[in-house]
Amino acid sequence: MFRLGVALLFVPLLVAQQQDDAALPAVSRLGPIPESVPVIALEPTGVPGSSERELAVTLGTAREVVLRASADTSTATVLAALDQLRAQQVQRVHFAARLPVGQATGALTLGLADPTTATTELELRLSFERPGVPPECLTPHLQRMVDGVIARNLGPLRLRVVVPPDGTLGNLLGVLAAVASSGAPPVLLVAGEAAAGASAVRPQRFALDLGPSPAVQIPAVAIPAARPEVTTSSFGLDAADATPTKIGTDAGGAGGRYGGRRGGAGGRARSEIQERISNGLDWLMANQRPDGGWAGVDGQSDPETTAWIVLSLLGDGQSMDGCAAAPIVARGVGFLMAQQNAHGLIGDGISIRRHAIATYALAEAYGLSSRGCLLRGATSAALEWLRSHTCENGGWSDDGTGSSDPLVTVHAAMAIESARFFRLSVGITREELVAWLPAEPPLGDSADSGIPEAGPAVAFALAFLGVGKTPIGAATALAERVTVTDERLCYWTSYALFQVGGRPWLDWSKKLATMPNARTDGPDKGSWDPPPGMSRAMASALRVLSLQAYYRYTKLVR
């Protein structure tokens, strides 16, 4: 006779409810425990349980059960029990749990999705890499991901949650509650590999990595948990009636203005230029911080620095899709998403320029990844925040007050126009963006423009918006006057003059070849020494991006 592989001990409802509630998992929000359904007490020790026939007799025609198990029951045991219940046509399991405060009990409901369905929509990997972090920390990020998928009509959607077998039910229910709080769709639990070096002492919390394998890795940032309560309606994930449909490609590569990429691999830059780019990217990738960001001038992970580096990796033809740098891009994008608050702003404090640069990076990562739907919600939220913070006269200033600033407006225009190219709704027309930029870029020196890079930045933005390119005379003067010593000025001038082409670009490319050399040995090999007030990572990213001007964008105005 077939025996259950996990210990299922069936007891009367009254007896089950008299078990020690303190041993149950603790979840912040619960629904009521349903009445008149079979109750199963799952023993964590693996004591032999009932046969398949006895289980069928106990269940009768019931298609839902209440499962009671202690918080330290292994996830392997729980998953095996769910498989047995699914084989008996059980459609819903109500996990008995208690609130963290007091002894009130309730249920978190899980619909048992069909595991034989071959399609996988979104995947969450549970790990032990960030112990002590509550699973609720990723609820807002997951919610934005789900919103992005729904916005593309890619549903019905199902989440595949890969569960380490050496975890506990207490961990797992906390994750499921966090997923449910995000408004996420039905879930399928599947067993993953045991953690390397697993021991009897396990961290107290799961962490979540979002995305296939995962495509996006978001560092843990604690957020306030929901107020403990037992709701009047059921709470949890219900997959019983779900019919998963494979999610198609969302964005995922582009031609047009992005058609010249693939880095130097396409042979579009001279070999010595590409060698400098490759060495710089190697240093940048080797110096990513554990949280996915890169260090600013204060040595801490910085959203602006990280955004420029993500842009440099994307410019080299990398993405979140199976390329050599995919995990690095995924962690960088995840860091930017982790810096986004509930209103869509990325970074601490209001700096519209820095927010726009981060949005620009998210928009490109979204558009150049086959799993861009995972970034759609975060990118849309960032665009909406940007749209809602224009100045009264149009355009943007860094603090959102007073008159607009041409350079800040350029950064915003790059983010918005990139998103528009990848078919995101931006809420601002191209005509409005053009109207908020100077009709004639201020290509004079710093005395004329206030900020040296403002002129070439505006010139490039107008080309990016498709409204014209800088006159040859002005471009020639720019190529003659500007030097390559200033990182930001060099960056914007490179992109403006590449769009002009001809003699101005030829003259400038000769200067670009004389750009200060990167370090040739030691731990900083491949990177560039920064000026005062700029980190080595930022300086190196801007240098790499300047050299990528040969192929990062095709000619935008012909």
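- Within a 6.0 Å sphere centred on CG of Asp298, other residues, nucleotides and ligands contribute more than 12 heavy atoms.
- The side-chain heavy atoms of Ser535 and Asp302, taken from C-beta on, include no pair separated by under 4.5 Å.
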Given Met337 and Ile346, is the side chain to side chain contact (heavy atoms under 4.5 Å, CB included) satisfied, shown in steps?
CA-CA 8 Å; Met337 293 173 68; Ile346 301 173; over 6 Å; no
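- Relative ring orientation between Phe460 and Phe464 is described as tilted, the plane-to-plane angle lying within the 30° to 60° band.
- If you take OH on Tyr495 and CD on Gln548, they are separated by 5.5 Å, rounding to the nearest 0.5 Å.
- Between Val434 and Glu431, the closest side-chain pair of non-hydrogen atoms is not below 4.5 Å.
- Qualifying ring pair (Phe, Tyr, Trp, His ring centres under 6.0 Å) partners for Trp492, counting only residues two or more places apart in sequence or in other chains: His411.
- Residues Gln288 and Thr306 form no side-chain contact, since every pair of their non-hydrogen atoms from C-beta on lies 4.5 Å or further apart.
- Atoms CZ and CG, from Arg543 and Leu547 in turn, are 8.5 Å apart once rounded to the nearest 0.5 Å.
- Among all heavy-atom pairs drawn from Ala381 and Gln340, the shortest one is CB-NE2, 3.8 Å.
- You'll find the side chain of Leu362 stays beyond 4.5 Å of the side chain of Leu383, heavy atoms only.
- Counting heavy atoms from C-beta outward, Cys490 and Met515 have side chains that approach closer than 4.5 Å.
- A salt bridge is defined here as a Lys NZ or Arg NE, NH1 or NH2 lying under 4.0 Å from an Asp or Glu carboxylate O, and Glu304 with Arg488 meets this definition.
- The side-chain heavy atoms of Val544 and Trp528, taken from C-beta on, include a pair separated by under 4.5 Å.
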Evaluate the criterion side chain to side chain contact (heavy atoms under 4.5 Å, CB included) for residue pair Trp436 and Ile428; output intermediate values, then yes/no.
CA-CA 11 Å; Trp436 295 340; Ile428 294 176; 4.0 Å; yes
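- When side chains are defined from C-beta on, Phe421 counts as touching Arg257, because their heavy atoms get closer than 4.5 Å.
- Between Pro456 and Ala496, the shortest heavy-atom distance links the atoms O-CB, 3.5 Å.
- Residue Gln318 holds its CD atom at 10.0 Å from OG of Ser312, rounded to the nearest 0.5 Å.
- Salt bridge Lys511/Glu480: absent, no basic N to carboxylate O contact under 4.0 Å.
- The shortest non-hydrogen separation linking Ala295 to Thr305 is O-CG2, 3.6 Å.
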Under the criterion side chain to side chain contact (heavy atoms under 4.5 Å, CB included), I'd like the reasoning laid out for Tyr550 against Ser509: C-alpha separation, chi angles, the key distance, then a yes or no.
CA-CA 9 Å; Tyr550 287 89; Ser509 63; 3.6 Å; yes
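- The structure places CH2 of Trp505 at 13.0 Å from NZ of Lys510, a figure rounded to the nearest 0.5 Å.
- When all heavy atoms are compared, the tightest approach of Ala537 to Ile309 is CB-CD1, 3.9 Å.
- Between Tyr551 and Tyr258, a ring centre-to-centre spacing not shorter than 6.0 Å is recorded.
- In this structure the side chain of Trp283 never reaches within 4.5 angstrom of the side chain of Pro523, judged on heavy atoms.
- A side chain to side chain contact (heavy atoms under 4.5 Å, CB included) with Leu478 is found for one member of Asp507, Val500, Leu497 and no other, namely Leu497.
- Using a 3.5 Å distance cut-off with no hydrogens or angles, the side chains of Arg536 and Ser527 do pair a donor with an acceptor.
- Side-chain polar atoms of Asp405 and Ser397 form no donor-acceptor pair below 3.5 angstrom.
- Centroid-to-centroid, the aromatic rings of Trp396 and His389 stay 6.0 Å apart or farther.
- Ser278 OG to Met285 CE: the interatomic distance, rounded to the nearest 0.5 Å, is 8.5 Å.
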Arg387 and Glu432: CA distance, side-chain angles, deciding distance, salt bridge (charged side-chain N to carboxylate O under 4.0 Å, His left out) verdict
CA-CA 11 Å; Arg387 186 198 65 77; Glu432 287 176 301; over 6 Å; no
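- Between the side chains of Thr493 and Trp508, no donor-acceptor pair is found at a separation under 3.5 Å.
- Within the model, atoms CD1 of Ile328 and CG of Asn287 stand 10.5 Å from one another, a figure rounded to the nearest 0.5 Å.
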